Undergrad: 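Here you go, one structure.
Since this is a predicted model, take the numbers as computed values, not measurements.
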Amino acid sequence: MSSPAWQKSSYSGSSNACVEVRAADGAIQLRESDEGHVIVHTTSPEFAAFLQGTKAGEFDHLA
């Protein structure tokens, strides 16, 4: 059985320096396109909370 394809944001354009995401094996998986061997696994609710926090600016002070 093959794994679902990785997806990247349309904002990345043709750049290979981006974060990719997919849903596989009941989890959300994230990786950097240029470091594909490092994969972070999380749950759908945790990923949704992260996205919501990012959109709300909760992590802006880290930049």
Undergrad: Distance from Ile28 atom CD1 to Ile39 atom CD1, nearest 0.5 Å?
TA: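 That separation rounds to 13.0 Å.
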Undergrad: Distance check, rounded to the nearest 0.5 Å: Glu20 atom CD versus Glu35 atom CD?
TA: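 The distance works out to 12.0 Å.
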Undergrad: Do you know the tightest heavy-atom contact between Pro4 and Ala24?
TA: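 Between these two residues, the closest heavy atoms are CD-CB, 3.9 Å.
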Undergrad: Quick check for you: to the nearest 0.5 Å, what is the distance between Leu30 atom CG and Phe47 atom CZ?
TA: 5.0 Å
Undergrad: Quick check for you: to the nearest 0.5 Å, what is the distance between Arg31 atom CZ and His41 atom NE2?
TA: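 If we round to the nearest 0.5 Å, Arg31:CZ and His41:NE2 are 11.5 Å apart.
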Undergrad: Looking only at heavy atoms, which two atoms of Arg22 and Ala5 are closest? And how far apart?
TA: CB-O, 3.6 Å
Undergrad: Would one find more than 12 heavy atoms of other residues, nucleotides or ligands at under 6.0 Å from atom CG of Asp34?
TA: yes
